Every structure is written in structure tokens, then in C-alpha cells.
Amino acid sequence: MKKLVMVLLVLSVGVTMAFASGAGEQAAGPETLVVGQIAEPKSLDPHTVTAVNDFRILVNIYDGLVRFQDGSLGIEPSLATDWEISDDGTVYTFHLREDVTFHDGTPFNAEAVKFNFDRMLNEDHPYYNTGPFPLSFYFSAIQETRVVDEYTVQLVLGEPFAPLMSNLAYPTGLIVSPSAVREYGEDYGRHPVGTGPYQFVEWESNTQVTVEANPDYWGPAAGVDQIVFRPITDSNTRVTEMLSGGLDLMVEVPPDSVQVFEQRDEFTVYEQAGPHLWFLILNMREGPFTSKAMRQAVNYAIDKEGLVENVLQGTATVADSPIPPAFDWAYNEDLDPYPYDPARAEELIQEAGYNGEEIVFYVTEGGSGMLDPVPMGTAIQADLEAVGLNVSIETYEWNTFLGRVNPGLEGKADMAEMAWMTNDPDTLPFLALRTEAWPENGGFNSGYYSNPEVDRLLAQARTSSDRSERADLYRQVQEIVYDDAPWVFVANWQQNAVAVSDLKNFRLQPSFLLQLGQVSFD
Amino acid sequence: MHRYIIKRLILMIPVLLGISIIVFFIMALIPGDAAQAILGSFATPENVARLRAELGLDKPLVQRYFIWLGNIVQGDFGRSYSLDRPVIDEVLDRLGPTMLLAGTSLILASILGMFAGIVAAIKQFGWQDAAFTFVVLIGISTPSFWLGLMFVLLFSLQLGWFPVSGMTAVVGGGGFLDVVRHLVLPSVTLAVVATGVIARLTRSTMLEVLRRDFVRSARAKGLPERTVIMKHAFRNALVNIIPVLGIQAGFVIGGAVYIETVFQWPGIGRMLVNAILTRDVLLVQGGVVVVAAIYVVINLMADVLQHVLDPRISV
């Protein structure tokens, strides 16, 4: 009994001491920004990952040849000071900065750039086995990377490919240190070495990734001494940590909690629409949606305002075309979303001669960029049943869902939910609306849309290196696709974040990347 | 005794083999394809097929099982694709935090549970007994993940005594006191149910033992009441309590899965949840096999301890 009492005593003393030490948790020391992430990163090798969650860390450790401008999806110089594109659009010559070294001290030069692209694209490269590189198709147009001199490098393309610059600005185009890849091999993703404003310190599994200011950064010095990225998968815990001061910045605030932060002075809420589209693919090969009237009818029948406001609670805006408004230079301002008009929908349905056949609707349980797919799916089903359509939902786990939708809807479903996040207005239409992009050709056009005019315009836009000409072509594409209605255009996601109010120079980017180079505390 | 332990160790082999079969085939039943998960939304069907072949996912299920088993026996648990590192490295990294959390909870639950059980038994039908029964009933019936959230609301957000989540402070963390501070809420939450179970069992066992003849003899000899209860009664009750502690260890490790998620504790439980969500099959399989092995060993230890306490129990 005595021993027992002793143990209890020791325990309680321990606990009390722990209280005492807890008072001033963040005393003096390096100025630290703590960021709440939604998940553990998969890897810190920019070429092997696909998730925005990972990109948020990567863009602070690495630079690419070019980058997105602050606050837009325009392109500006980064590791390359300037570039020329040959008249036929197949040779891109980049002049590189001469004052850049990687965090491991090795020089950044044309050879390093060549190493990066060869590793991703050339199956014979000695470090190709450090992949797989799921997004290397962004650069598949590159046939050869040529070192012209120490600080000049050429990307030689098989055919003109206008989205190349946007793709280079995307995190897949970030430049890694060749010597570090050679040293760590397939473990490179846990020992990242770049040229960015922050350099890697350590990665404690499922606890935190720590980076510190790079004292030799070629650009403006980093705004804080170090940044800690904490993976907090549970959104309630993330909110509680933010409220209790355990985080300085958190991304992807659950809609229910946004108001809590808005009401308090010590927090600032940020919102930014991005290049995201949430839509329904309609099966145009068979069934009711072979009829254009039916496809337009479902566009009229779904109350998108209602979905955005009630289901997504204002974390998205209503979409109207395959190109999100975030691509301000290519977006067609003249289009308005299909209005919510059930009467018009019923007329069109009658015109199409629909007689109650079952419409199979694929819904996913969750997934990258899918927002709230199940409540969205049931709300859509209700809207469609209100105009007399017989919709039955089939729900699948995300990877199973992709495994069923990507090979094409034929023989399986009449419509399916889908969402894409892209970096160039070309990407989504090119991969998912062209005739050449039907699933049997390895594309993502799972609803078998085909319009020769759209095919022609997209091909032309891809080979044109004049931006205003490209913009004009994309506007035409949007008009045609809007009218053909191969999809139901539903929502463009607005990314949000909460930061403590004394965090300065922070803004969300339309690219959804989290650039923290210049943020600082008051 | 040695023979007994060796026999039990050998018996572990079929148990673990059975577990490996169950885990492997359950994971094979879960919808979702690892190749698809690795390549993400941009995967074309051909790329998925190619990666499936590379990963050996196109081979028959039974053949895959034996390949996997053969590798495990040689200590190769494979490579986690979602974390891009060897499964065994990840599991070993996570084992420490889970053992710390589960161990603390179990010790806490044992001490509090036995103490409460003894008091309630001695004061049967007294107010202590009634209060104890009430508290224990609430403890057993409260879902721990909810209790965890309530603790966070009260002790972290309102009072600010303990951190909301994690195992160490973000900056300059990792010291002993820092870990203790982070440990309090999750370990108490996790201990609540086990405390209740242990307390109830202790109470009923003690009540039974207290009525036995040798207790009466001890009292008749004029031994002090404290000696009667601790040396004679409790020692005998322990024989029945120890195996239950072994089983509770299993529940505590199992309960760690959601407690670790609520408190973002960097242990095996949270690793398993993430691994299941990302269809990281090798990581799930490796993690479950290791946890199961630990559970089996703990139960073996409980049985051995029971044997030490009461050599009459046949082995």
C-alpha cells in the first residue's frame, strides 16, 4: 500500500512539474512559423509527388527555371533570367542565373538542369529508378535537354507545346540537386536539397518537417528563421491547435469553422479561387446523354448556387466552362453559368423523348479536390429527380472510382463526378475533351465527347506561342463546349487558410501553392 | 518453466502465421488498387497496368501471399509507397511512441483500477462502493474518442494546461517533461475504459477471496487488517487479475488507434489509419503483424507471471 501511495505521489509531482514548465512554451529562440498541413507528405522529391499538400512544402525548398507571378498564373523568371523560343516553337533556350548554389554547396548550372529532366524522362538514365515520376508527362514533349554552355540550356521539343512554360512553373519543374540524388538514391525524397529560400533541416515521421532560412539564398532573404510543417490529418484537431496557438497558419479550414476564426481579431481568414473545376462527366456514347437536349437539361436542372452555398458552405463558386476563371488571361468573361431553371429542363427532357430509363450516377466517397462528393451527389440526385429523371447512385472508394471512370463510362454509368486541378488552361480540355483523348487512346475523355472544331482549336492553341492568340482560341473552345454540354459544370473551389493576424506578407496564390519566402511576424 | 516458455514461443508461430493470412487476405478484399493510388488521378489505364505488373499485383493472390511471407521471414517487410521508405523503418519509428502511450495507460489503469477495486471490495455497500460503481460505469460506457475531444476542449482550450496534440513541442521539444506534458491527456483518455474493467474485476475477485477460509484464519491469527488484505487476499486475487491485464493490453493498443488520431500521437495506430486510407497495403500488413506479435508476447508474459504467482496453475 505504501509503495502504491508513493507511485501515485511521484506521478502527481511529475504532472505538476509538467504544468509549471508548460507556461511559456515558445520562449526565445529562432523565430518560427508553424504551419498545419492536412497530411504527412509522401516525399520531398518534387518529381515523384502529385499532391498539393506536398507542393506546399516543396516550393519553399526548391526553385524552378520559372515560377508563377505573385497573385496570378502568369510566368516570371526564377532560376532562369530570360529565355528565347525558336520561331517554330520547338527549341526553348534558357539563360540561367550564375550566382546560385544548392543547399549542399554544389553549383547550379546547365548540367544540373539536364540531370533533372533526363532523370524524369529518360528510361536509361542511371537515376530513373528513383521514380516513378507520375507527372513527368508534363514534359513528355521534351525530346532532348542540351547543355549549350555552363549557364545556357536548351529544351528541344518534338513538336510545339505552348503549355510548357506553365508546366515548368509547376512544382514538377522544381530543380533538385544532382549530387544529392546521387548520394541518397531512392531515399532522396527524405533528404531534399534545392536552391530555395529555405533549406531542409529534418523530417520527423508524422510529427513535423522543419526547414530553416537559407543564408545564401540568391533572392530576397527569407522572412522567418524557420518553418515547421505539422501534418494534422484530423480537421477538428487542426482547428483546435490553431485556436490554442499551436499553429500560426493552417490550410483547408473546414467550412464549419471559418466563422469561428472570422469572429476573432487574432486570426485572419484568407480565400482564393484557384484553377479547379468540379464537374459531372456525361456518357455521350450510349444512353440518354447522347442527346444534347438532355445534357443541357441536366445543366439547367441542377441548382449550383444551392450546392455551393448549402453543401459547400461558400467554399466554392459556380463554374460555367471547362476553363476556371483563375486563368484570367484565357477565361471567357462572356459566359454565364447555366441558370437554375427546372421548367426549361423539363421542356428539354420532353423534347429529347426521355421515358424514365435509369440513369446510373457514379459518386466517390472522397478524393483529391472532390470537396464533399457524397452530399453533392445526393443533392444533385434530388435536383434531377425533381425534373423527372430516374437517377440511381453507385458509390465507390476514390481509387476504385478512378479505376472505373478513367477507362471510360461505356457499359457502366451515364454520369460521374470528377474534379481536376491544373496549371494551364490547356491541360484539362486537352486531356479530357479531345476525340484523341478517348480512354482507348490513353486519355481522360471518359464521356467520349467529340467535336472536330474543339479538337482543331485545342491543337492550334497548343502550338501557338503567342499568348493573346492562345487566349482567343480558348475562349472559342469554352463557347462551343458550353453549348455542347458534355459535362455539367458545377463548382470552382476556393482555397482557404487561417493565419494569426500578426503574420505579414502572406497571401494565397491562385496556383494553390504556399509561397512563404517573404512572410514575417510583426 | 523454461520448457513452458519454449513451448509457448513455438506455439506463437502458428498464431502469427494465422494473423498474417488474415491480414493479407483482408487487405486484398478492400476495394482500391495500390497501383492506382500511387499514380493518383492522372493515371491512365496503361500506366496502372504497367505499375501493377512492376509491383507484382498481377500475380495470383496465393502466390503473392507466399512471396510476401518469404520476404517477411527474411526481415524484408517491403517498401511503403505512401511514405516512400522501408516499412520496417517506419514501424520501428512508430513503435516507441505507441508503447509509451499504451504502457503509460496500462500502468495508470492497473494502479487506479486495482486501488479502486480493493477499496470498493473492502467497503462493500458503503458510499465508496456506490460512488465507485457509478464512476466506473460511466468510464466504461464513455466512447474514448469523444472523451478525448472533451478533455482537449477543457484542459487545452479552456484551461491551457496541456498541449492539444502531438508528442513533443514543435520548437525545442523532446525533453522528458515536454513528453510527459503531451502524454497526460491521451494516456488518461486511453486508460479510462481499462481502469473501469480492471476495477470491476478486482472488486469481484477481492469480494470472493475475502470470504475464503484462509482470510478468516489470517484474521483469527490477529494479523493487522492491512496485511490480511494486501498479503493474503490481494495476492491471491492477483492470480485472476494478471491474465485480464494481458487482455487489456490488447484493448489499450487497439484503442490507441483512434486516440492517436485524435491527439495526433505519432504512433502505430495513426500510421495504420493513414496506411489503410492510402491503400498502403504493405505498411498495413507489416504494422499489423508487428503489433500482433507484441500482443502475443505480452499475453505470454502475463501467463508466465500468473504461473510464478501460483505454481499450481498447470501449464
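Residue numbers start from 1 in every chain, and the chains themselves are labelled A, B, ... in the order their sequence lines are given, proteins ahead of strands. Keep in mind that what you see is a predicted model, and the values were worked out from it rather than measured.
Heavy-atom neighbours of chain A within the stretch residues 91-102 of chain B, taken at a separation under 4.5 angstrom, comprise B:D93, B:R94.
Listed for the A:S244 side chain is no donor-acceptor partner under 3.5 Å among the backbone atoms of B:L157.
Heavy atoms from other residues, nucleotides or ligands lying under 6.0 Å from CZ of A:F521 number more than 12. Environment of CD in A:E266: crowded, with over 12 heavy atoms of neighbouring residues, nucleotides or ligands closer than 6.0 Å. A 6.0 Å sphere centred on CD of A:E436 holds no more than 12 heavy atoms belonging to other residues, nucleotides or ligands. Environment of CZ in A:F267: crowded, with over 12 heavy atoms of neighbouring residues, nucleotides or ligands closer than 6.0 Å.
In terms of non-hydrogen atom pairs under 4.5 Å with chain B, the most contact-rich of A:D187, A:V228, A:I232, A:T207 is A:I232. The choice from A:T50, A:T210, A:T233 that makes the most heavy-atom pairs within less than 4.5 Å of chain B is A:T233. Chain B forms the most heavy-atom pairs under 4.5 Å with one residue out of A:T240, A:L431, A:L243, A:D234, and that residue is A:T240. Per-residue heavy-atom pair counts under 4.5 Å with chain B were compared for A:R230, A:M418, A:E40, and the maximum is reached by A:R230. Put simply, of A:F401, A:W398, A:W420, A:Y396, the one with the most heavy-atom pairs under 4.5 Å next to chain B is A:W420.
With a threshold of 4.5 angstrom between heavy atoms, A:Q226 approaches chain B through side-chain atoms but not through N, CA, C or O. For chain A, no part of B:V48 is nearby; none of its heavy atoms comes within less than 4.5 Å. Heavy atoms closer than 4.5 Å to chain A are found in the side chain of B:N274, but not in its backbone. Contacts of B:E90 with chain A are made by side-chain atoms alone, with heavy-atom separations under 4.5 Å and no backbone atom involved. A:M242 does not touch chain B: none of its heavy atoms, backbone or side chain, sits under 4.5 Å away.
Remark: B:Q264 CD to A:Q208 CD distance equals 13.0 Å, nearest 0.5 Å. Note that the OG atom of B:S165 and the CG atom of A:N236 stand 12.0 Å from one another [nearest 0.5 Å]. We find the OG-CD distance between B:S156 and A:E241 to be 8.0 Å, quoted to the nearest 0.5 Å.
Contact record, A:S205 with B:R85: OG-NH1, 3.1 Å, taken as the closest heavy-atom pair.
In this view, A:D54 satisfies the side-chain hydrogen bond (donor to acceptor under 3.5 Å, both in side chains) rule with no residue, not counting sequence neighbours.
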